[in-house]
*Asks:* 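Structure below; questions to follow.
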Amino acid sequence: MKIALVGVGGMGGVHFNVYRNMTDIEFVAACDVRLDMLKEKVGDYPIRLYADMDEMLEAEKPDMVDLCTPTYMHVEQAIKAMEFGCHVLSEKPMALKTEDCEVLLAAIKRTGKRYMTAQVVRFMNAYKYLRGVIESGKYGKLESLHMKRVSPTPRWSWDNWFLDEKRSGHVALDMMIHDVDYMQSVFGEPKAITGVYHPMQGNLSNYAFANYIYDGFVVAIEGGWYNDEKLPFMATFKAVFENGNVILGADAQLRDCGVPVEFDKVESVGETGINISNVDGYAGEIKYFIECIRRGEPNSLVTDESAKATITLVERTLASLTRV
Ligand SMILES: NC(=O)c1ccc[n+]([C@@H]2O[C@H](COP(=O)([O-])OP(=O)(O)OC[C@H]3O[C@@H](n4cnc5c(N)ncnc54)[C@H](O)[C@@H]3O)[C@@H](O)[C@H]2O)c1
């Protein structure tokens with residue numbers, strides 16, 4: 001299978017390192033408008049490099065394209081690649097708006113190509129473990145789940161696109177979406193949403209505290225970009241059940257009722273240099289999607305409808321929170 005990568009900035013670098021370590025694919029090409037940066041990043045790894053996606057598609061005719069470009073480009077590039085005949089893995093979020101998701105879903109149907117939004121948290125060991133505890137009922141009823149994902153305000157992106165709400169969707173579509181997506185995939189739609197949202201203003205912090213009310217339990221999600229360059233990236237959760245708890249600490253250690261949970265060592269995707277706490281999900285999501293293509297099966301772990309439902313739930317969240 002011939003694979004080509006588009007956008008090799010922070011997240012594209014992580015995906016690049018997954019592909020370069022895979023032996024059962026042909027990683028043929030990568031493309032980035034910053035060709036000099038790309039050349040430097042790729043070093044002597046034998047791959048063809050382009051500054052333009054169209055040129056790369058024409059020259060390489062890949063079977064699969066992986067989009068790690070800024071959020072506002074995802075839908076247009078995914079449709080273009082599918083119309084060209086490629087399967088598409090796209091970084092999250094699927095789109096900036098539900099209506100754009102619908103345009104994308106129509107194109108997926110029309111072209112018959114495989115597509116997956118890379119909602120990586122669904123593939124991360126700690127979150128898969130928590131899902132298992134919830135679904136098995138081993139500690140009884142869930143009472144509360146508190147999820148948190150915070151980082152310094154991102155000032156490092158290409159063209160500073162993260163700080164432009166129209167291009168990134170700010171913290172809601174960049175950070176909170178991971179936890180909203182996980183929650184939605186495990187519990188479905190909440191009955192009600194309350195909390196506060198602080199839009200990005202002069203001080204360049206942008207955060208939300210949202211409480212999602214379900215029958216008999218609550219999920220509280222904090223997503224934040226804070227104006228503090230020393231703040232370490234943190235992705236944590238605390239799930240409290242009738243008879244136990246499962247906690248992912250700020251040290252990225254998962255504990256089940258205080259007992260550390262260890263996972264098989266995953267292959268490293270190298271130093272990422274970006275805001276992610278662990279790398280286990282990235283190789284997992286990529287390999288899973290490739291397997292779906294090989295088997296000719298639709299992906300059932302992040303269905304297109306489910307990725308769209310997450311965008312709609314983020315929109316509902318923003319409409320429900322009190323602005324502070
Ligand atoms: N899953 C995760 O944990 C995670 C983490 C970070 C970012 N992301 C997502 O990944 C995407 C990229 O984010 P990032 O942090 O890598 O941003 P970035 O700015 O670091 O990288 C984007 C790259 O795309 C390149 N680019 C811009 N326009 C292009 C074009 N037309 N064709 C080819 N390349 C182009 C830029 O030069 C840059 O290198 C975003 O959608 C973001 O939400 C996901």
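These figures come from a predicted structure and were not determined experimentally. Heavy atoms only: backbone and side chains are in, while hydrogens, waters and symmetry mates are out.
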*Asks:* So does T98 get a backbone contact from the side chain of E315, meaning a donor-acceptor N/O pair under 3.5 Å?
*Replies:*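 Judged by distance alone, yes, a pair lies under 3.5 Å.
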*Asks:* Can any side-chain N or O of K61 pair as donor or acceptor with the backbone N or O of K2 at less than 3.5 Å?
*Replies:*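 Checked: no pair found.
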*Asks:* Indicate yes or no for a side-chain donor-acceptor contact from Q119 to the backbone of T310 under 3.5 Å, with no hydrogens or angles considered.
*Replies:*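 It does not hold such a pair.
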*Asks:* Check A95 against D100 and note the closest heavy-atom contact, atom names and distance.
*Replies:*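 Closest pair (atom of A95, atom of D100, distance): CB-CB, 3.7 Å.
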*Asks:* Quick check: does any side chain N or O of E242 sit under 3.5 Å from a backbone N or O of K141, one acting as donor and the other as acceptor?
*Replies:*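 It does hold such a pair.
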*Asks:* Nearest 0.5 Å, please: how far is CD in E91 from OG1 in T69?
*Replies:*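 Answer for the OG1-CD pair, T69 versus E91, is 9.0 Å.
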*Asks:* Does the side chain of S136 pick up a donor-acceptor pair with the side chain of R131 at under 3.5 Å?
*Replies:*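 No, no side-chain donor-acceptor pair sits under 3.5 Å.
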*Asks:* Show your working on side-chain contact (heavy atoms from CB on, under 4.5 Å) between T71 and K92 and close with a plain yes or no.
*Replies:* CA-CA 7 Å; T71 296; K92 44 57 69 173; 5.8 Å; no
*Asks:* To the nearest 0.5 Å, how far apart are CG in N227 and OG1 in T153?
*Replies:*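 Answer rounded to 0.5 Å: 5.5 Å.
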*Asks:* Ignoring hydrogens and geometry, is there a side-chain-to-backbone donor-acceptor pair from R122 to Y182 under 3.5 Å?
*Replies:*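 Looks like no, no N/O pair under 3.5 Å.
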*Asks:* Can a side-chain donor-acceptor contact be found between Y226 and S151 if the only test is distance below 3.5 angstrom?
*Replies:*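 Judged by distance alone, the side chains do not pair up.
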*Asks:* Taking atom types as modelled, find out whether N160 and R167 have a side-chain donor-acceptor pair closer than 3.5 angstrom.
*Replies:*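 No pair is found: no donor N or O on one side chain lies under 3.5 Å from an acceptor on the other.
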*Asks:* Could you measure the distance from the NZ atom of K80 to the CZ atom of F84? Nearest 0.5 Å is fine.
*Replies:*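 The CZ atom of F84 is 10.5 Å from NZ of K80, to the nearest 0.5 Å.
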*Asks:* Does the side chain of T111 pick up a donor-acceptor pair with the side chain of E83 at under 3.5 Å?
*Replies:*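 Looking only at side-chain atoms, E83 and T111 do not form any donor-acceptor pair under 3.5 Å.
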*Asks:* Could you check if a side-chain atom of F233 sits within less than 4.5 angstrom of a side-chain atom of M175, using non-hydrogen atoms only?
*Replies:*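 Yes - at least one pair of side-chain heavy atoms lies under 4.5 Å apart.
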*Asks:* How about F27 and F16: are their ring centroids closer than 6.0 Å?
*Replies:*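 F27 vs F16: aromatic centres under 6.0 Å.
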*Asks:* Check for a donor-acceptor pair, side chain of K308 on one end and backbone N or O of E102 on the other, with a separation under 3.5 Å.
*Replies:*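 Not at all, since once roles are kept as given, no pair shorter than 3.5 Å links the two residues.
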*Asks:* Check whether any side-chain N or O of N299 sits under 3.5 Å from a backbone N or O of V302 as a donor-acceptor pair, and report yes or no.
*Replies:*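 Yes, the answer is positive, given that a donor and an acceptor are paired below the 3.5 Å cut-off.
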*Asks:* Between the side chain of K113 and the main-chain N/O of A81, is any donor-acceptor distance below 3.5 Å?
*Replies:*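 Flag not set: sc K113 to bb A81 has no pair under 3.5 Å.
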*Asks:* Quick one: are C257 and R255 in side-chain contact, heavy atoms under 4.5 Å?
*Replies:*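 SC-SC contact between C257 and R255 ruled out.
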*Asks:* Determine the minimum heavy-atom distance between L248 and A126, stating which atoms define it.
*Replies:*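 The pair with the smallest heavy-atom distance is CD1-CB, 4.0 Å.
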*Asks:* Identify whether V103 and I108 are in the same connected component of the hydrophobic contact network (ILVMFWY, side-chain heavy atoms under 4.5 Å).
*Replies:*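 Yes, V103 and I108 fall within the same hydrophobic cluster.
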*Asks:* Do Y72 and M176 belong together in a cluster built from hydrophobic side chains that touch within less than 4.5 Å?
*Replies:*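 Per the 4.5 Å side-chain linkage, Y72 and M176 are co-clustered.
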*Asks:* Which residue pairs pass the ring pair (Phe, Tyr, Trp, His ring centres under 6.0 Å) test when at least one of the two sits in residues 284-324, sequence neighbours left out?
*Replies:*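 Listed once each, the pairs are F123-Y288.
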*Asks:* Atom CD1 of I3 and atom CD1 of I290: how far apart are they, to the nearest 0.5 Å?
*Replies:*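 The distance works out to 3.5 Å.
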*Asks:* Quick check on the hydrophobic clustering: are I221 and V240 connected, directly or via other members, by side-chain heavy-atom contacts under 4.5 Å?
*Replies:*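 No, no single cluster joins them.
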*Asks:* Quick one about R149 and T236 (side-chain donor to acceptor, distance below 3.5 Å, no hydrogens or angles considered), yes or no?
*Replies:*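 Per modelled atom types, T236 and R149 side chains form no pair under 3.5 Å.
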*Asks:* Classify the side-chain pair D32/Y50 by whether it contains a donor and acceptor separated by less than 3.5 Å.
*Replies:*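 Side-chain D/A pair, D32 to Y50: absent.
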*Asks:* Treating T117 as the side-chain partner and A307 as the backbone partner, does any N or O pair qualify as donor plus acceptor under 3.5 Å?
*Replies:*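 No, T117 side chain to A307 backbone: no donor-acceptor pair under 3.5 Å.
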*Asks:* Quick one: sort the F217 and Y214 rings into parallel, tilted or perpendicular, breaks at 30° and 60°.
*Replies:*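 Rings of F217 and Y214: parallel, as their planes differ by under 30°.
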*Asks:* Under 3.5 Å, is there a donor-acceptor pair between the H146 and E222 side chains?
*Replies:*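 Not at all, the side chains of H146 and E222 share no donor-acceptor pair under 3.5 Å.
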*Asks:* Given the rule that I, L, V, M, F, W and Y join up when any side-chain heavy atoms are under 4.5 Å apart, are V261 and Y127 in one cluster?
*Replies:*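 Same cluster.
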*Asks:* Kindly compute the distance separating CG (D66) from SG (C68), expressed to the nearest 0.5 Å.
*Replies:*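 Separation between the atoms: 4.0 Å.
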*Asks:* Do H198 side-chain atoms and R323 backbone N/O form a donor-acceptor pair below 3.5 Å?
*Replies:*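 No, the answer is negative, given that no donor and acceptor are paired below the 3.5 Å cut-off.
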*Asks:* With hydrophobic residues grouped by side-chain heavy-atom distances under 4.5 Å, do W158 and W156 end up in a single group?
*Replies:*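 In one cluster with W158: W156, yes.
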*Asks:* Which value, rounded to the nearest 0.5 Å, describes the distance between L145 atom CG and M147 atom CE?
*Replies:*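 Output value for this atom pair is 5.0 Å.
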*Asks:* Looking only at side-chain N and O atoms, does Y139 offer a donor or acceptor that is under 3.5 Å from a partner on D256?
*Replies:*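 Judged by distance alone, the side chains do pair up.
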*Asks:* Is the shortest heavy-atom distance from the side chain of F187 to the side chain of V219 under 4.5 Å?
*Replies:*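 F187 reaches V219 side chain to side chain.
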*Asks:* Determine whether I193 and L321 satisfy the following criterion, side-chain contact (heavy atoms from CB on, under 4.5 Å), listing intermediate values before the conclusion.
*Replies:* CA-CA 7 Å; I193 306 171; L321 301 182; 4.1 Å; yes
*Asks:* Compare all side-chain heavy atoms of Y197 with those of T322 and state whether any distance is below 4.5 angstrom.
*Replies:*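 Not in contact.
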